[in-house]
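Note on naming: letters A, B, ... go to the chains in the order of the sequence lines (proteins, then strands), and numbering restarts at 1 for each one.
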2 protein chains.
Amino acid sequence: MPDDSPIRIVIADDQRMIRDGLDLMLGLIDGFEVVAQAADGEEAVTAVAAHSPDVVLMDLRMPVLDGVGATERIRRDHPRTQVVVLTTFSDDAEVLAALRAGARGYLTKDAGAPEIERALRRVAGGEAELDPGVQKRLLEMIPPASGRAEALDALTEREREVLRLIGDGLSNAEIAARLYVSESTVKTHINNLFTKIGVRDRAQAVTFAFRNGVMS
Amino acid sequence: MPDDSPIRIVIADDQRMIRDGLDLMLGLIDGFEVVAQAADGEEAVTAVAAHSPDVVLMDLRMPVLDGVGATERIRRDHPRTQVVVLTTFSDDAEVLAALRAGARGYLTKDAGAPEIERALRRVAGGEAELDPGVQKRLLEMIPPASGRAEALDALTEREREVLRLIGDGLSNAEIAARLYVSESTVKTHINNLFTKIGVRDRAQAVTFAFRNGVMS
DNA sequence: CCGGCGCTCCACCCACGGGTGGAGGCGGGG
DNA sequence: CCCCGCCTCCACCCGTGGGTGGAGCGCCGG
């Protein structure tokens with residue numbers, strides 16, 4: 001798909017040199033067009049409102065309104081515009097906050113021109129492009145993988161199944177229907193699994209399920 | 001960092017042609033060494049035990065033991081060996097299962113040689129490399145982003161607080177005690193927040209809380 | 001100034017959920 | 001072979017949870 005229309009970009013960073021450097025660099029690449037710069041989060045939001053670009057290249061640490069806040073507002077008010085975060089170094093909380101706010105790309109500032117180019121193209125195309133290190137940390141939060149699941153594998157297969165259905169919000173009657181057994185049987189399984197995992201009601205069971213990887 | 005020791009690889013795929021093709025392709029790349037092939041999950045596990053490679057390139061659909069199961073066992077018994085999943089096309093459930101099982105990379109089979117090479121190098125180096133489409137879906141599960149997050153900020157502060165306590169497994173009486181209000185008040189808050197977020201009981205409310213970032 | 005919203009509280013209802021104590025069938029391992 | 005664990009089912013009890021339809025108070029903003 002040869003794009004006739006260029007990818008329109010807004011650069012948001014509080015450091016002048018970085019902004020200009022990126023502007024110059026991206027301007028040289030065929031198919032890219034930098035339509036505005038912003039020195040803080042507020043400016044970024046108004047720049048997006050004014051130009052509705054395809055992508056914003058966003059620094060996180062900025063005065064007035066930080067990158068996370070700006071990302072939030074842009075994603076909420078201009079969903080057509082994607083956000084790629086570009087930051088020096090980052091603690092996990094900031095990374096997660098940015099992704100949660102709707103950033104679709106995440107690059108560290110030691111990324112080279114080709115990385116930035118690829119990230120911008122992909123994100124503009126509706127895909128995602130995360131820094132490999134960030135990907136790793138993301139993966140580490142998804143699966144509690146192994147852990148104190150000792151109580152968990154004390155459960156029988158049937159009990160785990162019931163636990164999952166409880167997490168899906170089903171009532172005992174609905175679970176019974178789903179499993180083609182009587183409600184009595186479901187109650188038995190539930191009582192057994194509750195004592196095994198050490199909870200007293202469904203609500204606690206659901207929390208257990210999420211914290212131990214049964215649910216996600 | 002010029003690596004003197006090559007990245008040692010095991011290829012697991014049930015189709016002969018794919019195995020041999022990959023073997024040939026990877027053998028030509030400097031710094032790569034294919035140490036074994038496996039035609040099913042069992043073979044993959046034993047091959048890893050025998051050669052303790054740096055990375056396994058793993059197909060998901062395989063006889064005897066599927067890729068997810070094999071990944072699980074490899075990650076559990078040989079944590080030094082990383083797994084890159086390489087599959088034709090994938091439903092979300094399989095992707096998630098594979099990542100949960102400990103896969104650090106995920107490529108679709110339309111990936112070219114350079115993509116595969118980069119993924120193997122990164123994963124062997126302790127990073128992660130996911131197909132951009134997979135990254136996107138991952139992001140979509142992390143942040144409730146938009147959706148019924150609108151319902152979430154329809155909640156009052158008090159209601160959110162009650163929701164959190166429900167997630168902590170407290171009964172109405174305990175919540176009342178914690179907040180220094182009567183149980184009636186708690187019930188009122190609960191009824192209000194249930195209708196707002198569209199659930200019918202605590203179990204569903206807990207699931208909502210986890211899926212929308214109120215709990216973690 | 002007054003309306004609305006958020007928080008507080010009440011009484012009443014009853015269904016569903018959870019606890020107890022049983023029982024039978026079926027499969028695998030000691 | 002026999003026992004144990006898993007799955008299945010039953011009757012009975014009663015507490016908690018969830019639904020309804022009120023009500024009063026304080027605060028903010030139109």
Chemist: With a 3.5 Å distance limit and no angle check, can you tell me whether A/Thr81 reaches the backbone of A/Pro53 through a side-chain donor-acceptor pair?
Modeler: yes
Chemist: Between A/Asn191 and C/dG18, does any side-chain N or O lie under 4.0 Å from OP1 or OP2?
Modeler: no
Chemist: Closest-nucleotide mapping onto DNA chain C: is A/Ala203 or B/Asn192 further toward the 5' terminus? I mean the 5' end.
Modeler: B/Asn192
Chemist: Can you check side-chain hydrogen bond (donor to acceptor under 3.5 Å, both in side chains) on A/Thr188 and A/Thr185, steps first, answer last?
Modeler: CA-CA 5 Å; A/Thr188 305; A/Thr185 306; 5.9 Å; no
Chemist: Specify the closest pair of heavy atoms between B/Val84 and B/Tyr106, including all atoms of both residues, with the distance to one decimal.
Modeler: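 For B/Val84 versus B/Tyr106, the nearest heavy atoms are CG1-N, 4.5 Å.
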Chemist: Is the shortest distance from a Lys or Arg side-chain nitrogen in B/Glu157 or B/Arg160 to a carboxylate oxygen in the other one below 4.0 Å?
Modeler: yes
Chemist: Looking at residues 169-186 of chain B, who's got a heavy atom less than 4.0 Å off DNA chain C?
Modeler: B/Val181, B/Ser182, B/Ser184, B/Thr185
Chemist: Identify all pairs in which a protein N or O lies below 3.5 Å from an N or O of nucleotides 13-15 of chain C, and state each distance.
Modeler:
none

Chemist: Hey, is B/Glu183 close enough to B/Arg178 for a salt bridge, meaning N to O under 4.0 Å?
Modeler: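 No, B/Glu183 and B/Arg178 are not salt-bridged.
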Chemist: Could you tell me whether A/Asp14 and A/Arg19 have a side-chain N and a carboxylate O separated by less than 4.0 Å?
Modeler: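 Looking at A/Arg19 together with A/Asp14, the answer is no, because their closest N to O distance does not fall below 4.0 Å.
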Chemist: So does B/Arg121 pair up with B/Glu115, basic N to acidic O under 4.0 Å?
Modeler: no
Chemist: Would you tell me if any nitrogen or oxygen in the side chain of B/Thr156 comes within less than 4.0 Å of OP1 or OP2 on C/dC5?
Modeler: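 No, no such contact exists.
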Chemist: What pair of heavy atoms forms the shortest contact from B/Ile166 to A/Ala203, and how long is it?
Modeler: O-CB, 4.1 Å
Chemist: Less than 4.0 Å between a side-chain N and a carboxylate O, is that true for B/Glu42 and B/Arg73?
Modeler: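 B/Glu42 and B/Arg73: salt-bridged.
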Chemist: Give the rounded distance in Å between these two atoms: CD of B/Glu159 and P of C/dT8.
Modeler: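 From B/Glu159 CD to C/dT8 P: 11 Å.
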Chemist: With a 4.0 Å cutoff (strictly under), does any side-chain N or O of B/Arg158 reach OP1 or OP2 of C/dT8?
Modeler: yes
Chemist: By nearest heavy atom, map A/Asp201 and A/Thr188 onto DNA chain C; which one lands nearer the 5' end?
Modeler: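 The residue mapped nearer the 5' terminus is A/Asp201.
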Chemist: Less than 4.0 angstrom from a charged side-chain N to a carboxylate O is my criterion; do B/Arg164 and B/Asp168 meet it?
Modeler: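 So B/Arg164 does not pair with B/Asp168 through a salt bridge.
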Chemist: State, to 0.1 Å, how close A/Ala38 and A/Ala44 come at their nearest heavy-atom pair, and which atoms those are.
Modeler: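 Looking at all heavy atoms of both residues, the closest pair is CB-N, 3.4 Å.
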Chemist: What are the bounds, 5' to 3', of the part of DNA chain D that sits under 4.0 Å from heavy atoms of chain A?
Modeler: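 Taking any atom under 4.0 Å from a heavy atom of chain A, the span is D/dC6 to D/dC10.
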Chemist: Expressed as a whole number of angstroms, how long is the span from A/His189:NE2 to C/dG17:P?
Modeler: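 Taking atom P of C/dG17 as the reference, NE2 of A/His189 is at 16 Å.
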Chemist: From CG of A/Leu193 over to C1' of C/dG18, roughly how many Å is that when rounded to an integer?
Modeler: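 Rounded to the whole Å, the gap is 12 Å.
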